[in-house]
Amino acid sequence: MVPRPRRRRVLSVASECAPLVKTGGLADVVGALPAALEPSGWHTRVLVPAYPQVSEILAGTRMRRVWSTGDLFGGPATVRRGVLDCAPGAGSSGLDLMVLDAPHLFDRPGGPYTVDGHDHPDNHVRFAALSWVGAQLAIGGTGDRWRPDLVHVHDWQAGLVPSYLRYAAMAGAVVPPTVMTVHNIAFQGVFGLDQLDRLKLPTWDFHMDALEYHGLVSTLKAGMVHATRVTTVSPSYAEELATPEFGFGLEGVAAARLARGEMTGILNGIDTTVWNPATDPAVTPYSAADQRGKDADRAALLEEFGLPDTGGPLAVVVSRLTHQKGMDLLCAAAPGFTAAGGMLAVLGSGDPDLERRLTDLAARYPSSVGVRTGYDEALSHRMYAGGDLVVVPSRFEPCGLTQLYGQRYGAVPVVAATGGLRDTVTDATPEALAAGTATGFSFGDVRLGGTVDAGGLGFALGRAVDLYADRGAWVRLRTSAMTTPVDWGTSAARYVALFDGLVGAGAP
Ligand code: ADP
Ligand code: GLC
């Protein structure tokens, strides 16, 4: 009998993980990947900070103390481990968690990164602490028997893990390989040189090929330089990162790793057990085969937003309200869209100026535009289910998940052709419609000489309004959107291939 290979272990270090704590797509990906990798023999433990909302959700879960750190950058901390059973999307084995309980860093009011609209002033300390603890777990510095074969770190908040591991390797420790996933290069974890000592970072590594970034320290850059491999969340974004337009100053680092074959784009998937209109408890159920329930969801959503039905398409937006997401373009294109019979329902939070512009829009067009500010997970499900369109006019988009949820729920995406949006939506050209491959509408493809602007968005929305009037064509488009694979299948296999290839690769 062929012996079964040992289950391989990955430690995933991140600042968010659904369903515990979420401000955006990072949480969905960190929460969904473990179940996607498990069938291929990779078992994941996720290390996250014990923010108050995390502790609250885990209050009923048995958590075992793994390590007391002693002083961790200004106070005592404990690492606990437990399995969150029946976590949506965690598969049958549950979500295997390690939480960093450091009250002086994480037990405070506000969200993971901000309080009252301002960054926590010590974010660099908080997430350097998370990264340092991740590195200790990886090298057995905690005394715990569990050791990962590989460490997967996400974004700037975990960006220092590969650096700490590099210093540990130089001191003689055996360290596992690391994969750093860049979910968004715009957030770089920048702080002053005077903090190096406090954060256990050596001044000798403060130079342009390591920690240094324009005279400051960048944890994102550190990770991109020191990780064994770098990934980002779509193939198009991987290429874009190597350009000044999208690289946010780190294009040189990205280009170098890309050229050496050490950086790839692996598209995000979505957890199709959580995001399934046939079983979603938040909605009237429907499926690609029987879409009738969607009419009830649409009617309910219109009522919830107080919008009378014009008979035109109901477009939804579920988004952080930031410049990245092109919400100003939406404000500019909305009057034309509503004049053509469209209706718009927006759920979002973020930039106060954009919030105000959107609420002003709703006040000006009360019978065709509705806006809810704030964060509401259940409402987001009702919006994808009730929407005919989901609009994502991002200036850049590493992957984007809302267009994937939209496809799964038959809210046909209208997207800017950038990053992952470009890779996941097939524009409804006459040819693609005829071939049955169209899944949405896209505009502004820079590679074709386009720009992401309000005119392009307005034109794409106009095309959607026109096609919506042809019921048969619309249902065909919606069905092909709903049946397009958006699960983790192919992408999980790509992570597995990457991880398998690195095991045994040694120190970063
Ligand atoms: P990003 O991570 O850049 O914000 P993504 O499209 O990858 O963009 O992921 C956004 C995630 O956050 C999706 O799951 C979306 O449904 C969710 N989301 C964004 N804003 C809100 C909100 N105000 N309320 C509920 N969910 C939201
Ligand atoms: C980031 C990106 C988004 C991506 C998400 C998950 O927040 O902005 O495009 O989908 O991470 O990878």
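None of the values given here were measured: they were computed from a predicted structure. Counting convention: from 1, in listed order, for ligands and their atoms alike.
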State whether Arg356 and Asp353 are salt-bridged, where the test is any N-O pair (Lys NZ or Arg NE/NH1/NH2 against Asp/Glu carboxylate O) under 4.0 Å. yes
Does an N or O from Gly24, backbone or side chain, lie closer than 3.5 Å to an N or O of ligand 1? no
Modelled atom types, side-chain donor and acceptor of Gln403 and Thr424, under 3.5 Å: yes
Identity and separation of the nearest protein heavy atom to atom 22 (C) of ligand 1: Tyr375 CD1, 3.4 Å
Just distances here: any N/O of Cys399 and N/O of ligand 2 closer than 3.5 Å? yes
Just do the ring pair (Phe, Tyr, Trp, His ring centres under 6.0 Å) check on Tyr405 and His381 with the steps written out, would you? CA-CA 9 Å; Tyr405 298 135; His381 285 241; 7.5 Å; no
I'd like to know if Asp28 and Lys22 make a salt bridge, using a cut-off of under 4.0 Å between side-chain N and carboxylate O. yes
Can you sort out which atoms of ligand 2 are near Val233, meaning under 4.0 Å from one of its heavy atoms? 12 (O)
Per-atom contacts of ligand 1 with Leu401, taking only distances under 4.0 Å to non-hydrogen atoms: 5 (P), 6 (O), 7 (O)
Within reach of ligand 1, part of Asp376 (heavy-atom separation under 4.0 Å): backbone
Strictly below 4.0 Å, N to O, side chains only: are Asp149 and Arg8 in salt-bridge contact? no
Answer side chain, backbone, both or neither: which part of Thr181 comes under 4.0 Å from ligand 2, heavy atoms only. neither
Cys399 and ligand 1 - part of the residue with a heavy-atom distance under 4.0 Å: neither
Which residue and heavy atom of the protein sit nearest atom 16 (O) of ligand 1, plus the separation: Tyr384 OH, 2.7 Å
Below 4.0 angstrom from a heavy atom of Tyr405, which ligand 1 atoms are there? Numbered from 1 as shown, please. 13 (C), 14 (O)
Quick one: which ligand 1 atoms are inside 4.0 Å of a heavy atom on Asp28? 13 (C), 14 (O)
Under 4.0 Å to a heavy atom of Asn184 - the qualifying atoms of ligand 2, by number: 8 (O)
Applying a heavy-atom cut-off of 4.0 Å, say which part of Lys22 lies close to ligand 1: side chain, backbone, both or neither. side chain
If you measure from each non-hydrogen atom of Leu26 to ligand 2, which part falls under 4.0 Å: side chain, backbone, both or neither? backbone
Which of the ligand 2 atoms, numbered from 1, are nearer than 4.0 Å to a heavy atom of Val29: 6 (C), 12 (O)
Is the NZ or CZ atom of Arg408 both under 6.0 Å from the centre of the six-membered ring of Tyr384 and within 45° of that ring's axis? no
For ligand 1, indicate whether the residue Phe187 contacts it via side chain, backbone, both or neither (heavy-atom separation under 4.0 Å). neither
If you measure only the distance, is there a donor-acceptor pair under 3.5 Å linking the side chains of His154 and Ser12? yes
Determine yes or no for a side-chain-to-main-chain donor-acceptor pair under 3.5 angstrom, with Asp376 supplying the side chain and Leu379 the backbone. yes
Tell me which protein heavy atom sits closest to atom 1 (P) of ligand 1, plus the residue, atom name and distance to 0.1 Å. Lys325 NZ, 3.4 Å
Under 3.5 Å, is there a donor on one side chain and an acceptor on the other for Tyr375 and Glu377? yes
Is it true that Lys325 and Asp351 make a salt bridge, defined as a side-chain N closer than 4.0 Å to a carboxylate O? no
Is Thr23 in polar range of ligand 1, meaning some N or O pair under 3.5 Å apart? no
For atom 9 (O) of ligand 1, what's the nearest protein heavy atom and its distance? Gly25 N, 3.1 Å
I'd like to know whether ligand 2 has Gly420 as a neighbour, heavy-atom separation below 4.0 Å. no
Looking only at side-chain N and O atoms, does Asp280 offer a donor or acceptor that is under 3.5 Å from a partner on Tyr409? yes
Side chain, backbone, both or neither: which part of Leu379 has a heavy atom under 4.0 Å from ligand 1? neither
When distances are taken from atom 23 (N) of ligand 1, the protein heavy atom at minimum range is Gly374 O, 2.8 Å
My understanding is that we take every heavy atom of each candidate and find the minimum distance to atom 10 (O) of ligand 2. Doing that for Gly419, Pro398, Gly400, which one comes out nearest? Gly400
Considering distance alone, does some N or O of Asn184 sit under 3.5 Å from an N or O of ligand 1? no
Distance (rounded to the nearest 0.5 Å) between Leu330 CG and Leu344 CG: 5.5 Å
Please confirm whether Ala18 comes under 4.0 Å of ligand 1, counting heavy atoms of the residue only. no
Going by the atom numbers of ligand 1, which of them fall below 4.0 Å from some non-hydrogen atom of Gly400? 6 (O), 7 (O)
Close-contact set for ligand 2 against Glu397 heavy atoms, below 4.0 Å: 2 (C), 3 (C), 8 (O), 9 (O)
What part of Arg320, side chain from CB on, backbone N/CA/C/O, both or neither, has a heavy atom under 4.0 Å from ligand 2? side chain
Run His323 and Asp328 through side chain to side chain donor-acceptor pair (under 3.5 Å) and show every step you take. CA-CA 7 Å; His323 185 73; Asp328 51 326; 4.6 Å; no
Are Arg108 and Asp122 within salt-bridge range, i.e. N to O under 4.0 Å? yes
Quick check against the 3.5 Å criterion: does Ser234 have a side-chain atom that pairs as donor or acceptor with the backbone of Pro398? yes
If we count only N and O atoms by modelled type, under 3.5 Å, do the side chains of Tyr113 and Glu16 hold a donor and an acceptor together? yes
Shortest protein heavy-atom distance from atom 4 (O) of ligand 1, along with the residue and atom involved: Arg320 NE, 2.7 Å
Between the candidates His183, Gln324, Lys325, which shows the shortest non-hydrogen contact distance to atom 1 (C) of ligand 2? His183
Between Arg422 and Glu240 (salt bridge meaning N to carboxylate O under 4.0 Å), is one present in this structure? no
